[in-house]
Protein chains: 2
Amino acid sequence: MDEKCSCDNCELKELFVDSLEEDHMEAVCSSKKEKDYSVGEVILKERTQIREFTYLKSGLVKLFRSDPSGSEQIITIAKPMDYVSLLSVFSNDEYNYSVTALEDSVTCSLNLENLRMMMRENGGLALSLLQKMSRAADRIILDTLEIRKKHLRGRVAYLLLYFSDNVYFSSEFDLPLTRKEMAEYVGMTTENVIRTLSEFRKDGILKIYGKTIQIVNQELLRSISEFG
Amino acid sequence: MDEKCSCDNCELKELFVDSLEEDHMEAVCSSKKEKDYSVGEVILKERTQIREFTYLKSGLVKLFRSDPSGSEQIITIAKPMDYVSLLSVFSNDEYNYSVTALEDSVTCSLNLENLRMMMRENGGLALSLLQKMSRAADRIILDTLEIRKKHLRGRVAYLLLYFSDNVYFSSEFDLPLTRKEMAEYVGMTTENVIRTLSEFRKDGILKIYGKTIQIVNQELLRSISEFG
DNA sequence: GTCATGATATGACATTTATCATACCGTGCT
DNA sequence: AGCACGGTATGATAAATGTCATATCATGAC
């Protein structure tokens, strides 16, 4: 909750900047709600009313669905600008997925009705937003298909490379997920995630110190991800 | 290819009707291209330039991706109003999926640049379209997660019920997919699709006459789909 | 510090699923 | 008619994956 207007250093501003006149920008800025979350906190919960359009300013989050039986499926891991609500904000009354923070995160929310109104008045804004959200949905669909094609080793490799290439930009990083969550993301059991990581370690592909992963043989990991 | 304006009986018209003034509606109508496809024909091909916004007026299509290795993954089966291009039209230069007709189908295409322009000028249209496309993308994501949770029997049951409940509205229908395509959709092998169908027949759940399926024990099929 | 708890780890085993071989059937082609 | 071809079908077997049991380790609560 920031009283002053902090939109100037918000990455989402680029969407609005060409689209909105100054006075509208003021309106956006004054109605927005910024919130801080620490690791593990729930950002939003499935089956609750959608009243806001939420996007991620900083941090890392997981989107997931939970079963009556208690099991969870992770839909995607999203970083800033990957997560600008999801499509359902414009087609559903209730969220059909939950979001929790994997790292300390900051979100910013706009009143959904206001945003709809702005979009109606300003097609350029609508189009920009559509494009952003399309990219996110596209990535989810393609990633899911990609993962489904692979065997266990390929799935784990894919996930590790995702973090290395797209989130941390380093061959060494701290996993933001537990082994269980990794399993929920790529659709396998916790034991098999652990086993596969151990195999990679034994094969000299990784060094593992608890949650810290160091990718030693990137070539090999990449070829396992693509097919192995 | 229709010379006269046939938009009056197009289901998509509802999107435009409240949004566009008469003269714009004329523009849409005159620039649109309607095309007929018969079973098996390619409607669009992945890795080709996106120049049009395409939606399905009638028929049934499959969206799929193909591998260098030759294997195909079906992303979704879509009927009219399920398929209004896909999100990528607004975020990509090239299609990342192909579409072919499972039944005789009619598509209608608008020039994408024109549509963009209309959306920029008319936020209401943009918002309506966003909503339609959101629903489609949402369904793909949720279906994929749903299918991933299930075992073979559950997957086949789910697929059969999809056709019965959402496409043909009858307990007896002709499968628009080969067994191989069913396998490509739900992520299993052709042999196992066939085997599972045979099991269902032996268990008295289905009657099978080639491509014609009759669901005899719907209760049981439904419980297998949910979990069994 | 001790305890409880959940995460990580590994092995043995059961189950599920894929692969390979083979056969049959229908359709279109000549 | 005869043939080639792709779809359907089934069984035997191999491979991949899940389940269950158990152990260790780290962490936070008290």
Side-chain angles (χ1 to χ4, degrees), chain A residues 38-40 62 67 69-74 100 102 147-160 174-203 205-214 224 227-228, chain B residues 38-40 62 67 69-74 100 102 147-160 174-203 205-214 224 227-228:
Chain A
S38 39
V39 179
K62 67 168 175 176
D67 233 37
S69 75
S71 73
E72 295 181 350
Q73 282 183 295
I74 294 184
T100 71
L102 294 173
I147 286 169
R148 186 167 87 178
K149 280 199 293 204
K150 300 178 193 305
H151 287 181
L152 300 193
R153 288 166 63 89
R155 293 181 188 184
V156 173
Y158 189 80
L159 186 50
L160 294 174
D174 283 4
L175 279 170
L177 299 178
T178 64
R179 311 291 195 258
K180 181 156 171 284
E181 288 171 318
M182 292 176 68
E184 288 166 351
Y185 187 26
V186 297
M188 48 194 277
T189 58
T190 308
E191 291 96 321
N192 279 333
V193 168
I194 292 169
R195 244 186 284 270
T196 304
L197 286 171
S198 294
E199 280 175 33
F200 286 169
R201 178 173 40 72
K202 285 172 196 154
D203 295 345
I205 299 171
L206 301 178
K207 288 188 179 164
I208 304 177
Y209 320 95
K211 285 214 178 309
T212 304
I213 298 286
Q214 188 192 342
I224 290 171
F227 193 90
Chain B
S38 39
V39 179
K62 67 167 175 176
D67 232 36
S69 76
S71 72
E72 296 182 350
Q73 281 183 296
I74 294 184
T100 69
L102 294 174
I147 286 169
R148 189 167 82 178
K149 281 198 293 202
K150 299 177 194 304
H151 286 181
L152 300 194
R153 288 167 62 89
R155 293 182 189 183
V156 174
Y158 189 79
L159 185 51
L160 294 175
D174 283 4
L175 278 171
L177 299 177
T178 63
R179 312 292 195 258
K180 180 156 172 283
E181 287 172 319
M182 292 177 68
E184 287 166 352
Y185 187 25
V186 297
M188 48 194 278
T189 58
T190 307
E191 292 95 322
N192 279 331
V193 168
I194 293 169
R195 245 187 285 270
T196 304
L197 286 172
S198 295
E199 280 175 35
F200 286 169
R201 177 173 42 72
K202 284 172 197 153
D203 294 345
I205 299 170
L206 301 178
K207 288 189 179 163
I208 305 177
Y209 318 95
K211 285 216 178 310
T212 304
I213 298 285
Q214 186 192 345
I224 290 171
F227 194 88

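In what follows, chains carry the letters A, B, and so on, assigned in the order in which the sequence lines appear, proteins first and then strands, with residues in each chain numbered from 1.
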query: Would you say C:dT10 has OP1 or OP2 under 4.0 Å from some side-chain N or O of A:Ser198?
result: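 Yes, within the criterion.
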query: B:Lys211 side chain N/O closer than 4.0 Å to the phosphate oxygens (OP1, OP2) of D:dT8?
result: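 The answer is yes; a side-chain N or O of B:Lys211 sits under 4.0 Å from OP1 or OP2.
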- prompt: To the nearest 10 degrees, what angle separates the axes at the start and end of the helix from C:dG1-D:dC30 to C:dT30-D:dA1, five pairs each?
  reply: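 That helix has its two terminal axes inclined by roughly 40°.
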- request: Report the C-alpha separation of B:Val156 and B:Ile224 in whole Å, then their side-chain angles, then the decisive distance to 0.1 Å, and conclude whether the side chain to side chain contact (heavy atoms under 4.5 Å, CB included) test is met.
  value: CA-CA 9 Å; B:Val156 174; B:Ile224 290 171; over 6 Å; no
query: Which is it for A:Leu159 and A:Val193 under the side chain to side chain contact (heavy atoms under 4.5 Å, CB included) test, yes or no, and what are the steps along the way?
result: CA-CA 11 Å; A:Leu159 186 50; A:Val193 168; over 6 Å; no
field: Which nucleotide in C:dT10, D:dT8, C:dT8 has an atom nearest any side-chain atom of A:Arg201
entry: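 Side chain of A:Arg201 sits closest to C:dT10.
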Whole-Å distance between [N] [atom2] and [X] [atom1]?
X        : N      : atom1 : atom2 : answer
B:Lys180 : D:dG6  : NZ    : P     : 10 Å
A:Phe200 : C:dT8  : CZ    : C1'   : 17 Å
B:Glu181 : D:dG7  : CD    : C1'   : 11 Å
B:Ile194 : D:dT8  : CD1   : C1'   : 5 Å
B:Tyr209 : D:dT8  : OH    : C1'   : 17 Å
B:Arg148 : C:dT16 : CZ    : P     : 20 Å
A:Glu199 : C:dG11 : CD    : C1'   : 13 Å
B:Ile208 : D:dG7  : CD1   : C1'   : 14 Å

Which pair of non-hydrogen atoms, one from [X] and one from [Y], has the smallest distance, and what is that distance?
X        : Y        : answer
B:Ile74  : A:Arg148 : O-NH2, 4.0 Å
B:Lys150 : B:Arg155 : O-NE, 2.9 Å
B:Asn192 : B:Thr196 : O-OG1, 2.6 Å
B:Ile147 : B:Val186 : CG2-O, 3.7 Å

- prompt: Hey, what do you get for CD1 (B:Ile213) to CG (B:Leu206), rounding to the nearest 0.5 Å?
  reply: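 Those atoms lie 5.5 Å apart.
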Contacts of type side chain to side chain contact (heavy atoms under 4.5 Å, CB included), residue B:Leu102, not counting sequence neighbours: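 Testing B:Leu102 for side chain to side chain contact (heavy atoms under 4.5 Å, CB included), a comparison that skips the adjacent residues, returns B:Leu60, B:Lys62, B:Ile77, B:Pro176, B:Leu177, B:Glu181.
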- request: Report the residues that fulfil side chain to side chain contact (heavy atoms under 4.5 Å, CB included) with B:Thr190, sequence neighbours left out, ordered by chain and then residue number.
  value: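 So B:Thr190 forms a side chain to side chain contact (heavy atoms under 4.5 Å, CB included) with B:Arg179, B:Lys180, B:Ala183, B:Ile194.
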message: Can you pull out every salt bridge (charged side-chain N to carboxylate O under 4.0 Å, His left out) where at least one residue sits in residues 186-200 of chain B? Sequence neighbours excluded, please.
response: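 Found B:Arg153-B:Glu199.
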query: What string of B, S and - do you get for nucleotides 15-20 of chain D, 5' to 3', when a contact is any protein heavy atom under 4.0 Å?
result: --SBBB
query: What string of B, S and - do you get for nucleotides 23-29 of chain D, 5' to 3', if B is base contact, S is sugar-phosphate-only contact and - is no contact with any protein heavy atom under 4.0 Å?
result: -------
- request: Look at atom NZ of B:Lys207 and say whether more than 12 heavy atoms of other residues, nucleotides or ligands are closer to it than 6.0 Å.
  value: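 No, because the 6.0 Å sphere around NZ of B:Lys207 holds 12 heavy atoms or fewer from other groups.
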